[in-house]
Amino acid sequence: MAAATVLGRLSLIPNLSSKPKLKSNRRTTSTSVSVRAQASFSDPFVLQLAESLEDSLSASPSSSLPLQRIRDSSAETLLSTPWPSRKDEPFRFTDTSLIRSSQIEPISTQQRNSEILDNLTETQFTNAVIIDGFVSNLTIGPSDLPDGVYFGKYSGLPDELTNRISEFIGNFDSGDLFWSINGMGAPDLMVIYVPEGCKVENPIYLRYFSGETGDRESKRLPVSNPRVFVLVEEGGEIGIVEEFVGKDEEGFYWTNPVLEVVVQKNAKLKHSYLQKESMASAHIKWTFVRQEAESEYELVEVSTGGKLGRHNVHVQQLGPDTLTELTTFHMCVNEQTLDLHSKIILDHPRGASRQLHKCIVAHSSGQAVFDGNVRVNRFAQQTNAGQLTRSLLLKPRATVNIKPNLQIIADDVKCSHGAAISDLEEDQLFYFQARGIDLETARRALISSFGSEVIEKFPNREIRDQARNHVKGLL
Amino acid sequence: MAGVNLQLRHAYSIAQFVPTVSSPPPLPTQRVRLGTSPSRVLLCNLRANSAAAPILRTTRRSVIVSASSVSSAVDSDSLVEDRDDVGRIPLLEVRDLRAVIAESRQEILKGVNLVVYEGEVHAVMGKNGSGKSTFSKVLVGHPDYEVTGGSIVFKGQNLLDMEPEDRSLAGLFMSFQSPVEIPGVSNMDFLNMAFNARKRKLGQPELDPIQFYSHLVSKLEVVNMKTDFLNRNVNEGFSGGERKRNEILQLAVLGAELAILDEIDSGLDVDALQDVAKAVNGLLTPKNSVLMITHYQRLLDYIKPTLIHIMENGRIIKTGDNSLAKLLEKEGYKAISG
């Protein structure tokens with residue numbers, strides 16, 4: 001209360017001073033407030049992290065207004081948010097000690113990673129290479145994008161779009177600590193804008209690389225905070241592909257990306273997400289989607305990387321006759337935890353959601369986590385929501401924690417969920433053997449086919465083939 | 001084709017000279033297979049059972065061979081011995097076969113005797129629960145059953161020492177009574193995998209999908225199936241009739257010296273039955289044999305049996321020619337067992 005009052009007073013002070021002085025003054029006041037009023041709620045580890053994030057960006061050129069606003073609100077949130085522990089429900093089965101016990105080091109400068117750029121496999125699509133959160137390379141052919149479509153940094157936006165886009169950026173109250181860390185640490189803001197009625201034929205490819213790697217011995221852990229915003233205007237259509245890769249297989253780093261999406265009325269977004277981080281890394285991603293009436297959002301995900309990999313998906317349906325489709329596949333082949341936390345909020349009539357989540361745990365110390373919340377609120381009558389999760393546990397002591405979580409307030413609703421956990425089916429294995437196929441080949445084929453149900457949903461063939469080959473390579 | 005046959009004959013000849021009685025072949029290395037758990041619907045945490053020990057194949061077979069006299073089997077044995085088989089080599093020899101359900105230890109097969117020669121068609125008939133399907137599953141090595149006595153020799157080899165996939169590669173094919181669905185694996189890929197397993201066994205080069213496709217198309221015509229079946233996942237969403245056709249397609253593609261057809265006629269309409277029967281007849285040669293399991297005379301009208309066996313309570317109690325089926329149809333099983 002006292003803090004709020006002080007901050008409220010601050011906001012009323014007229015902006016008469018010069019900019020540098022005001023900035024300095026604000027920081028001092030903020031620190032004082034934190035020490036005096038918030039001492040009992042703040043986490044020293046989080047405060048120190050917030051400070052290092054702030055320091056890492058102070059050397060960079062002046063930030064865009066939305067990024068600055070996000071930073072300010074994130075800083076405020078971090079003052080009172082402790083690091084999550086196992087006692088917090090959202091992290092009950094997700095151990096973040098890999099990050100917590102490390103010496104976190106925000107990556108402050110854009111690396112000249114010519115090695116990464118040289119080794120890039122060529123792609124036909126319009127694409128951006130984002131290294132350690134910084135936009136390093138942008139490839140747009142003259143005829144690749146229709147008129148009015150924007151793809152690039154926020155700072156390059158035409159003037160007529162800046163206000164439109166600023167309206168939406170950062171307006172999300174349900175993010176967690178990691179959302180705020182990105183808000184505070186994001187060095188760049190990438191924007192994809194699709195104007196009204198525009199149907200973009202080929203997908204836009206976002207290729208995220210982690211070029212900086214730390215040291216497991218000294219526990220130096222570089223963190224990057226990539227941030228992307230997508231706005232598809234009324235009747236527009238586009239596909240985006242996100243691919244996350246580490247520079248090498250044993251890279252020790254933390255990728256903390258955020259993607260914000262607004263799909264306007266009668267618009268469509270197809271979102272492909274391929275997570276192939278190194279097996280020693282941490283990957284904690286937020287995807288926040290707002291859907292207006294009659295729009296469609298379709299996510300297809302394959303995640304295999306990270307000693308700790310987590311995807312937070314939050315979808316809000318903001319109008320009637322809206323369709324949300326999430327099809328995801330997590331595969332643990334090492335000692336790793338892969339976690340999907342999804343929340344779909346239906347607030348309007350005749351909303352539909354379809355969710356399929358598949359996990360394979362092929363290591364005794366592997367763990368898959370799924371928390372799937374579907375909330376059907378009072379006005380969401382005639383909702384049709386389905387959720388199905390299937391898990392394959394292929395080793396003794398392999399672990400999966402599954403929490404289907406349907407909260408239904410409306411009374412004219414069709415909702416279903418199912419959860420099945422098993423090893424490979426004996427009957428199917430025998431069927432292969434009866435045709436002369438040995439057990440090992442049969443197991444490989446069945447495991448491959450388990451994931452292919454998701455992989456086949458990638459709308460683009462190049463991505464489908466890439467995902468399929470990646471999964472086969474891990475088996 | 002001729003080359004393939006020549007090689008097969010050659011391999012067969014070699015096998016014939018191994019004296020299986022005086023020096024039994026060494027047991028193949030047993031493969032350890034992880035225990036499996038049934039699918040379960042759970043709303044909470046599950047940790048895979050660390051106490052589950054791997055199931056060894058050896059535990060499913062018993063070395064004990066019990067000698068027992070079964071008076072009612074004498075008829076069957078006598079009839080077998082009376083056959084004009086001088087100079088012919090048996091393809092399959094089942095002697096006093098006993099088997100239990102692996103989990104419950106309930107004995108299902110109680111001394112089955114059967115001999116099949118090359119080029120013969122055998123039909124096994126009997127009431128529900130008499131052990132017909134169990135017999136076919138034991139022949140191909142289904143893990144639900146454990147052999148507790150007797151012997152099975154196929155082409156001179158002890159079948160009980162062989163893994164299921166090796167029995168298949170040796171030329172034994174079973175058409176399943178209720179084929180399972182395999183979501184995510186296309187018919188094309190499945191058949192290519194199985195076909196190439198045979199190629200590897202014969203030491204021949206494998207076919208890539210394009211080469212294999214042209215081989216496959218001609219077989220589709222044999223069973224009157226459309227090419228779009230190849231892109232569908234194995235038996236997924238297939239009707240009962242489509243599953244049966246798919247089994248025969250696999251037989252046509254892979255070939256077999258002994259095809260065990262477990263109730264291929266159930267679930268088929270008259271037209272489909274004729275298609276399937278025509279396909280089976282088309283695969284018959286003086287070298288190939290068929291063992292059909294059926295309830296109905298109708299199938300025998302289309303695929304003429306050499307011999308018919310009546311199974312009851314885990315044993316073959318009577319063997320005869322086609323007139324036995326007519327007697328069965330006319331007077332029922334009571335007339336046979338009485």
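Proteins come first, then strands; the chains are lettered A, B, ... in the order of their sequence lines, and each starts at number 1.
Closest heavy-atom contact between B:S168 and A:Q433: CB-O, 3.8 Å. Contact between B:P183 and A:S449 at its shortest, heavy atoms only, is O-OG, 3.3 Å. The nearest pair of heavy atoms linking A:I437 to B:E165 is O-CB, 3.7 Å.
For B:R198, the CZ atom counts as densely surrounded, since its 6.0 Å shell holds more than 12 non-hydrogen atoms of other residues, nucleotides or ligands. Atom CZ of A:R354 has 12 or fewer heavy atoms from other residues, nucleotides or ligands within 6.0 Å.
Contact check for A:T441 versus B:M193: side-chain heavy atoms found under the 4.5 Å cut-off. Looking at heavy atoms from C-beta onward, B:V180 lies out of side-chain contact with A:F430 at the 4.5 angstrom threshold.
Taking OG of A:S448 as the start and CG of B:D189 as the end, the distance is 9.5 Å to the nearest 0.5 Å. Considering OH of A:Y431 and CD of B:E247, their distance stands at 3.5 Å, rounded to 0.5 Å.
No donor-acceptor pair closer than 3.5 Å links the side chain of A:R435 to the backbone N or O of B:F195.
Contact annotation for B:I182: both backbone and side-chain heavy atoms come within less than 4.5 Å of a heavy atom of chain A. Looking at A:Q428, the atoms closer than 4.5 Å to chain B (heavy atoms on both sides) sit in the backbone and in the side chain alike. Contacts between A:F432 and chain B at a heavy-atom distance below 4.5 Å involve backbone atoms as well as side-chain atoms.
When each of A:D427, A:I455, A:L446 is checked for heavy-atom pairs under 4.5 Å with chain B, A:D427 comes out on top.
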